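Below you'll find the structure, written out as structure tokens, and then a few comments.
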Amino acid sequence: MTAADLPTAVDVVIVGAGSAGCVLAERLSRNPDRSVLLLDRGPAGWPSPTVRDLHSLPITADSPYALAYTEASGLGIVRGRGLGGSSSVNGGYFLRWHADDFAGWPTGWHPDDIDHAYRELDGPGGTMNVSAFGDDELAAVVPRFEEYWSRTLPVRPHDEPWPVVGVNRVRSNREGTMRRTAAEAYLRAALNRPNLIVRADAEVDALVSSGRTVSGVQVGEDVVGCGEVLLSAGTLGTASILLRSGLDVLAGADELPVHEHREVLVHYRRRVEDRRTPLLQSVVHTDDGLEIRCYSDDMARYIAGLPPVGPAVGVAEMRPGAPGAIRMTTAGPIIDLGVVEGLEAARLDRGVGEVLEMLRSATFADLLESDSVAVDPVVRTSQHAWGSMPMGTRTDWLGAVVGMHGLRIVDGSILPTGGSSGPHATIMMVACAIGDRLARA
Ligand SMILES: Cc1cc2nc3c(=O)[nH]c(=O)nc-3n(C[C@H](O)[C@H](O)[C@H](O)COP(=O)(O)OP(=O)(O)OC[C@H]3O[C@@H](n4cnc5c(N)ncnc54)[C@H](O)[C@@H]3O)c2cc1C
């Protein structure tokens, strides 16, 4: 699987073998009469157990499975690449959004269809092998965290797939402590189909278009012609391709909006060393849109380059207001996540205050040094960028780019709302549902 020997023409080109792209490649190649080419800029190999181990996020700038983007204020932004994309390297918490997070979605997204697509992934025998962390797998802080919040908030039963406002034990896509990637779940079994061609080390530079019609992709010196291009290069990758392609429909814009779940970390020092566990095993969802994340370790153990500051509880703002932007420059894409202010800043402050109170309470007294509890001054990112080409405005409910022919987007870019938890399960749900429609077309 290398970039050599690209076909000159196929029916469909899918750009990006990540969380969404793997699902689409499997769905669309079910029809033996449709030729499908899946391209990824990452390496051809299957991410090894070392890469997929939930005990170690292999996020280093020099990893072949990760790509660092530049952020204007110096926040580290990374994405997975290669077979599985970000599903090969992410935190492995695989929670559905709340049912009312879909209220602003365009007509066509029926609650029963959403539930059906989620169930394919996380239901009994589901493709992503999702299960909640068991009581015997937890870091010591997790039962204390859950006990503290359960005094005032409901607790979701561990096998219930829909999250609640309250305490949610994390459900994770995993085999033991190995992430179950989108490539393992969808691509591996489809690879022997003669109508599916997969090429790695194949970076798409731009779309080939004339007026409002897209007719192929440019990969280095090569052009591959096709009836439709599906962009699944992730929110940042897809925006980069769109901005480099100078499409009529973007009317000369050199930037696209990007939303993020901004997060403040509250650190502490442990009294005694804890067992090594996956990083995130329990979260609280508040009714005003915060996700409080009980991390079990120091992020610095997982993401190279971060200063070691101790384990943390994160407070993430899940209903952000004004978006940041991804801008194309001669040096490449630059992301500017902007500043958090107004209502969102006030909500984050309130959440941080509650977490400070929690960590200094008697519940945690024997686990941590209470005078070590400190708020990180940097408002960080959850690595969740979404929403640059939302369904209902820039794309239709199946991801077709409004005003263009032959161009569809299916990845984090088309999420029209931000959701109450991480985007992974929902991006894959969207790919399953749209993939079903396209497979029947
Ligand atoms: C470190 C990290 C931790 C995270 N943790 C969680 C979590 O615990 N829970 C959660 O819900 N979400 C999490 N997320 C977010 C979640 O993983 C992503 O939102 C999701 O995987 C994105 O899926 P996607 O299909 O949009 O893109 P991706 O899975 O990122 O796939 C995009 C693919 O496109 C390829 N590509 C990009 N540009 C090009 C190009 N020009 N040509 C060819 N190929 C290209 C890339 O190599 C990549 O393989 C995390 C993300 C990261 C990075």
Side-chain angles (χ1 to χ4, degrees), residues 1-48 52 65 80-88 116-117 119-121 125-129 173 175 179-204 214-217 219 222-234 237 398-400 406-411 427-441:
M1 285 180 284
T2 68
D5 303 328
L6 287 177
T8 51
V10 289
D11 294 322
V12 180
V13 174
I14 300 171
V15 184
S19 303
C22 288
V23 175
L24 293 167
E26 190 284 325
R27 282 297 207 278
L28 293 182
S29 62
R30 282 182 189 176
N31 177 351
D33 297 329
R34 183 190 280 128
S35 53
V36 177
L37 173 65
L38 175 64
L39 300 173
D40 201 282
R41 68 181 167 192
W46 290 89
S48 67
R52 289 168 46 219
Y65 294 101
R81 61 178 183 168
L83 304 182
S86 297
S87 77
S88 305
H116 177 80
R119 250 184 298 130
E120 170 179 329
L121 301 158
T127 51
M128 292 300 280
N129 209 40
N173 48 302
E175 285 140 356
R179 292 175 189 84
R180 169 101 170 137
T181 73
E184 293 289 344
Y186 284 90
L187 200 54
R188 200 181 268 284
L191 277 181
N192 59 2
R193 295 179 187 163
N195 60 325
L196 174 63
I197 305 168
V198 182
R199 290 286 181 270
D201 295 319
E203 176 156 8
V204 169
V214 169
S215 57
V217 294
V219 183
D222 296 314
V223 168
V224 182
C226 60
E228 184 168 58
V229 176
L230 260 76
L231 290 179
S232 298
L398 295 174
L407 181 60
R408 194 180 296 276
I409 302 173
V410 185
D411 61 15
I427 290 171
M428 291 195 72
M429 179 280 286
V430 164
C432 289
I434 295 182
D436 273 345
R437 291 278 170 165
L438 301 183
R440 290 201 294 267

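Please read these numbers as outputs of a predicted model, since none were measured by experiment.
Using a 4.5 Å heavy-atom threshold, the side chains of N129 and N173 count as separate. Contact annotation: the side chain of T8 never approaches that of V224 to less than 4.5 Å [non-hydrogen atoms, C-beta and beyond]. Contact of the V217 side chain with the V223 side chain is not registered, since no non-hydrogen atoms from C-beta on lie closer than 4.5 Å. Two residues are said to be in side-chain contact when any heavy atoms from C-beta on lie closer than 4.5 Å; L230 and E228 meet this criterion. Looking only at side-chain heavy atoms (C-beta outward), L28 and R34 come within less than 4.5 Å of each other. Using a 4.5 Å heavy-atom threshold, the side chains of V204 and R41 count as separate. The shortest side-chain heavy-atom distance between Y65 and S88 does not fall under the 4.5 Å cut-off. Within the 4.5 Å cutoff, the side chain of V36 has no heavy atoms near those of the V10 side chain.
Annotation: the span from L24 atom CG to L187 atom CG amounts to 11.0 Å, rounded to 0.5 Å. Note that CD of E184 and CE of M128 are 10.0 Å apart. Values are rounded to the nearest 0.5 Å. Rounded to the nearest 0.5 Å, atoms OH (Y186) and OG (S19) are 11.0 Å apart. The distance from atom CZ of R199 to atom CG of D5, rounded to the nearest 0.5 Å, is 6.0 Å. Atom CG of D33 sits about 15.5 Å away from atom CZ of R30, to the nearest 0.5 Å. Taken to the nearest 0.5 Å, the CG atom of D411 stands 10.0 Å off from the CD1 atom of I434.
For the pair D201 and P43, the tightest heavy-atom approach, listed with the atom from each and the gap, is OD1-CA, 3.8 Å. Considering every non-hydrogen atom in both M428 and A182, the closest pair reads CE-CB, 3.8 Å.
At a threshold of 4.0 Å, the pair D436-R27 counts as salt-bridged, since one of the basic side-chain nitrogens sits closer than that to a carboxylate oxygen. With respect to R52 and E175, a salt bridge is recorded, a charged nitrogen being found less than 4.0 Å from a carboxylate O.
A distance-only check finds a donor-acceptor pair linking the side chain of S86 to the backbone of G80 [under 3.5 Å]. Proximity of a side-chain donor or acceptor of T181 to a complementary backbone N or O of G84 within less than 3.5 Å is not detected. Here the side chain of T127 pairs a donor or acceptor atom with the backbone of E120 at under 3.5 angstrom. With hydrogens and angles ignored, the 3.5 Å screen pairs no side-chain donor or acceptor of R81 with any backbone N or O of D40.
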Next item on the list: Begin from the C-alpha positions of L438 and R408 and carry the test side chain to side chain contact (heavy atoms under 4.5 Å, CB included) through to its verdict.
Entry: CA-CA 11 Å; L438 301 183; R408 194 180 296 276; 3.6 Å; yes

Check: Could you go step by step and tell me if E26 and R193 meet the salt bridge (Lys or Arg N to Asp or Glu O under 4.0 Å) rule?
Finding: CA-CA 9 Å; E26 190 284 325; R193 295 179 187 163; 2.9 Å; yes

Next item on the list: Begin with the C-alpha distance, continue with both residues' side-chain angles, and end with the deciding distance and a verdict on side chain to side chain contact (heavy atoms under 4.5 Å, CB included) for C226 and V12.
Entry: CA-CA 6 Å; C226 60; V12 180; 6.0 Å; no

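Counting only N and O atoms by type, the side chains of D11 and S35 include a donor and acceptor under 3.5 Å apart.
Of the listed residues (L37, L6, L38), just one forms a side-chain contact (heavy atoms from CB on, under 4.5 Å) with I197, and that residue is L37.
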